[in-house]
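Index from 1, following the sequence. Here the structure is a predicted model, which is why all the values come from computation and not from measurement.
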Amino acid sequence: MSESHAGAAPGTPTRHDQHDRWPRAETVEDFRRNLAAVDARIAAACERAGRDPAEVRLLPISKTVDEARIRLAHAAGCGWLGENKVQEAQRKWEAMADLTDLRWSIVGHLQTNKAKAVARFAAEFQALDSLRVAEALDRRLQAEGRALDVFVQVNTSGEASKYGLAPEAVAAFVQALPAYAALRVRGLMTLAVFSAEAARVRACFVRLRTLRDRLRQQTPAGIGLDALSMGMSGDYEIAIEEGATVVRVGQAIFGARSTPDAHYWPTGGAVEPDA
Ligand SMILES: *Cc1c(COP(=O)(O)O)cnc(C)c1O
């Protein structure tokens, strides 16, 4: 199936140059409208790629968003929330323990001293990129009697500053993961290069899909590599055209964020100009 995505709709632009234009949601109605707009774009991208929209999970990313607005998003239908930083996520999880159907996904780099917190409350961890973190998480999860869905983060842009494993290191890494029985490996995750130049963004997504397709044939028993978490507010439509099964969308749902992305992952700063 993935072959059919290759080269799909090469004209789809990124929207990385429009980040200040996403409308801020302040009411349940605003959230419903923003969610419906994202869902419609997901459906259109699936249509272009000949995919079933049911294959794509929208993961709303709520970093920097306060509790009151998160409750509105939940009322509008958000059942999953993604957070980049563990402390922020834990604070919110504790404050909203009454929303028992809400599931939390950690999508940012993890230090081993935060593994205990993740093992307690997270349903998913998308940024696994070291065996030290795998070991720490597994130990804490065993102690809690829990399991955790995980994605292996891959650096597909080749930027030295980005988190994630180099693509050529992923095969050996995945071979080591069955040792950590509490980790349910679901797939791969990446952040594309942050660029207004769609072809460079698309190349990152193609790299992740190609890697997944290759590794899927040799994964150890118990390891699933079906999922591809890729695409954010500025580029999720391109990611879907290239096979994303999870898109991580914050600003297009909650509104433009004033905290710069450099606070969450190393970046060069602004959008790279067109070449
Ligand atoms: C913030 C974040 C996103 C979402 O970015 P938006 O521009 O708000 O859509 C996706 N993935 C990760 C890892 C993030 O930290």
Closest heavy-atom pair and its distance - [X], [Y]:
X      : Y      : answer
Arg32  : Ala75  : NH2-O, 3.8 Å
Asn34  : Ala252 : CB-O, 3.6 Å
Thr245 : Ala227 : OG1-CA, 3.3 Å
Arg146 : Ala122 : NH2-O, 2.9 Å
Trp22  : Gly234 : CH2-N, 4.0 Å
Ala239 : Gly231 : CB-CA, 3.6 Å

Mark yes or no for whether [X], through its side chain, and [Y], through its backbone, hold a donor-acceptor pair below 3.5 Å.
X      : Y      : result
Gln175 : Gln218 : yes
Arg186 : Asp226 : no
Asp30  : Thr27  : yes
Asp138 : Ala182 : yes

Within the structure provided, determine whether [X] and [Y] are in side-chain contact (heavy-atom separation under 4.5 Å).
X      : Y      : answer
Leu177 : Leu128 : yes
Leu225 : Val185 : yes
Arg48  : Glu241 : yes
Val193 : Val201 : yes
Arg21  : Arg15  : no
Leu191 : Arg248 : yes
Ile42  : Arg51  : no
Leu59  : Val107 : yes

Pairs flagged by side-chain hydrogen bond (donor to acceptor under 3.5 Å, both in side chains) wherever residues 124-133 is involved - sequence neighbours left out: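 Counting only pairs at least two positions apart or across chains, the side-chain hydrogen bond (donor to acceptor under 3.5 Å, both in side chains) contacts touching residues 124-133 are Arg57-Glu124, Ser105-Glu124, Glu124-Gln126, Gln126-Ser229.
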Pairwise side-chain hydrogen bond (donor to acceptor under 3.5 Å, both in side chains) hits with a residue in residues 64-80, at least two apart: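 Output for this query lists Glu67-Arg71, Arg71-Asp98, His74-Asp101.
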Pair Arg139-Glu135, salt bridge (Lys or Arg N to Asp or Glu O under 4.0 Å): steps then yes or no: CA-CA 6 Å; Arg139 190 155 39 84; Glu135 202 274 327; 3.6 Å; yes
From CA spacing to verdict: side-chain contact (heavy atoms from CB on, under 4.5 Å), Trp104, Met96: CA-CA 11 Å; Trp104 296 91; Met96 288 176 264; 4.3 Å; yes
Looking at [atom1] of [X] and [atom2] of [Y], how far apart are the two atoms once the value is rounded to the nearest 0.5 Å?
X      : Y      : atom1 : atom2 : answer
Glu242 : Asp235 : CD    : CG    : 11.5 Å
Thr156 : Leu188 : OG1   : CG    : 10.5 Å
Arg184 : Ile223 : CZ    : CD1   : 12.5 Å
Arg202 : Glu197 : CZ    : CD    : 12.5 Å
Leu228 : Thr190 : CG    : OG1   : 10.0 Å
Glu159 : Cys204 : CD    : SG    : 7.0 Å

More than 12 heavy atoms from other groups under 6.0 Å of [atom1] on [X]:
X     : atom1 : value
Glu94 : CD    : yes
Lys85 : NZ    : yes
Glu47 : CD    : no

Verdict with reasoning, Tyr236 to Val56, per side-chain contact (heavy atoms from CB on, under 4.5 Å): CA-CA 11 Å; Tyr236 67 89; Val56 181; over 6 Å; no
Parallel, tilted or perpendicular: ring planes of Trp93 versus Phe121, cut at 30 and 60 degrees: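 The rings of Trp93 and Phe121 lie parallel, inter-plane angle below 30°.
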Candidates Lys114, Lys63, Lys92 - the one meeting salt bridge (charged side-chain N to carboxylate O under 4.0 Å, His left out) with Glu83: Lys92
CA sep, side-chain torsions, deciding dist, call: Leu35, Cys78, side-chain contact (heavy atoms from CB on, under 4.5 Å): CA-CA 9 Å; Leu35 285 164; Cys78 293; 3.9 Å; yes
